[in-house]
Amino acid sequence: MLSAVNSTKYPYFDRSEIEPDREFIFKAYQSLRPLKSGEAVPNFVLEKDNFRWQQFYNGVETHGPVLLRQLLNKPLVIAFYSNYWQAHGLNLLKQLNSIQHEVRAHDANLLIISSEKERKLEKIAWDNNLSLSFYFDTEKEIAEKFGVYSESDPIWNKFSGIDTNVPLLATYAISPFGKIVYDHIDWDFSRPFPSQEIISAISGAKPLILNT
């Protein structure tokens, strides 16, 4: 004889009573796709807010007006940096510092865009005698426009040892006409920093001056 099977009865409910979570916002997956040489520079804004800027000369923090027009009307070297890259990030700063005099000699500018503003940057600048200018892109909006940061494709998917999603270490040379003339990302940190290639790129990106 078959024994009776106990069953659990659930109360009836109307599916219309289920309220959707309206706070959930679907975001499409966006993989990292860094911009390349030959592409147009995306529209981005550099704010004059002093909190977003920090400048060093021979390791000492300096203060002065932010001349955005002068910065953007010349060839510009932009480098994305984060302290979370540790030794790799510090090496990038040292390499950029080694070419900053030559960049200026070619009537160009050099700007480092960092995703965080921390007091330890002052010690890094002092210990390494840096003469560099930093802009803090704390919301990573500029990095995302350049394709070196994505919330849906965190950096730890590609590099071990990093547990914070930060922008790639990337360096770009940009012409005053809004075009990328050189890009550099060392995906496995095996290549030497292309100092001369960057200098050559900004040298060729200067506006032509016609004699009349």
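Index from 1, following the sequence. Note: hydrogens, waters and symmetry copies are ignored here, and every other heavy atom, side chains too, is used.
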Does any part of the side chain of [Y], heavy atoms only, come nearer than 4.5 Å to the side chain of [X], both counted from C-beta?
X: Leu111; Y: Trp53; answer: yes
X: Asn83; Y: Glu116; answer: yes
X: Asp183; Y: Thr171; answer: no
X: His88; Y: Leu169; answer: yes
X: Leu93; Y: Asn128; answer: no

Nearest 0.5 Å, what's the [atom1]-[atom2] distance between [X] and [Y]?
X: Leu32; Y: Ser152; atom1: CG; atom2: OG; value: 8.0 Å
X: Ile202; Y: Glu102; atom1: CD1; atom2: CD; value: 7.5 Å
X: Ile113; Y: Leu46; atom1: CD1; atom2: CG; value: 6.0 Å
X: Glu139; Y: Ser115; atom1: CD; atom2: OG; value: 11.0 Å
X: Leu132; Y: Ile112; atom1: CG; atom2: CD1; value: 4.0 Å
X: Ile155; Y: Ile162; atom1: CD1; atom2: CD1; value: 6.5 Å

Where [X] and [Y] come nearest, the two heavy atoms and their spacing:
X: Leu92; Y: Phe80; result: CD2-O, 3.7 Å
X: Phe193; Y: Leu96; result: CZ-CD2, 3.7 Å
X: Ser82; Y: Val166; result: OG-CG1, 3.5 Å
X: Asn97; Y: Ser131; result: OD1-N, 2.7 Å
X: Pro75; Y: Asp107; result: CD-O, 3.7 Å
X: Lys74; Y: Ala108; result: CB-CA, 4.4 Å

I would like to know whether Arg52 and Asp137 meet salt bridge (charged side-chain N to carboxylate O under 4.0 Å, His left out); could you show each step before the answer? CA-CA 7 Å; Arg52 291 184 175 271; Asp137 178 32; 5.2 Å; no
Other residues, nucleotides, ligands: >12 heavy atoms within 6.0 Å of [X] [atom1]:
X: Lys36; atom1: NZ; result: yes
X: Trp187; atom1: CH2; result: yes
X: Phe189; atom1: CZ; result: yes
X: Asn43; atom1: CG; result: no

Between [X] and [Y], is there a donor-acceptor pair closer than 3.5 Å when you use the side chain of the first and the backbone of the second?
X: Asp186; Y: Ser190; answer: yes
X: Ser203; Y: Ile199; answer: no
X: Arg33; Y: Phe146; answer: no

Please evaluate residues Phe51 and Lys117 with respect to the criterion side chain to side chain contact (heavy atoms under 4.5 Å, CB included), reporting the C-alpha separation (whole Å), side-chain torsions for both, the decisive distance (0.1 Å), and the verdict. CA-CA 9 Å; Phe51 175 79; Lys117 185 174 185 178; 4.0 Å; yes
Please lay out, stage by stage, how Tyr172 and His184 fare under the test ring-ring contact (aromatic ring centres under 6.0 Å, His included). CA-CA 6 Å; Tyr172 290 95; His184 171 73; 9.9 Å; no
Look at the side-chain heavy atoms of Ile, Leu, Val, Met, Phe, Trp and Tyr, link any pair under 4.5 Å apart, and say whether [X] and [Y] land in one connected group.
X: Tyr135; Y: Phe44; value: yes
X: Val181; Y: Leu110; value: no
X: Ile124; Y: Ile99; value: yes
X: Ile174; Y: Ile185; value: yes

Assess whether side chain to side chain contact (heavy atoms under 4.5 Å, CB included) is satisfied between Gln54 and Glu61, documenting all intermediate values. CA-CA 7 Å; Gln54 197 166 20; Glu61 184 175 2; 3.4 Å; yes
Just do the side chain to side chain contact (heavy atoms under 4.5 Å, CB included) check on Trp126 and Phe56 with the steps written out, would you? CA-CA 9 Å; Trp126 175 259; Phe56 299 93; over 6 Å; no
Please report whether the ring centroid of Phe159 lies less than 6.0 Å from that of Trp85.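 Ring centres of Phe159 and Trp85 closer than 6.0 Å.
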Strictly by modelled atom types, are Ser150 and Glu144 linked by a side-chain donor-acceptor pair under 3.5 Å? no
Do Lys140 and Tyr149 form a cation-pi contact, if we require the NZ or CZ to be under 6.0 Å from the six-membered ring centre and within 45 degrees of the ring's axis?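 Ring-cation test returns yes.
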Stepwise side chain to side chain contact (heavy atoms under 4.5 Å, CB included) test for Glu197 and Tyr182: CA-CA 8 Å; Glu197 288 88 342; Tyr182 190 83; 3.5 Å; yes
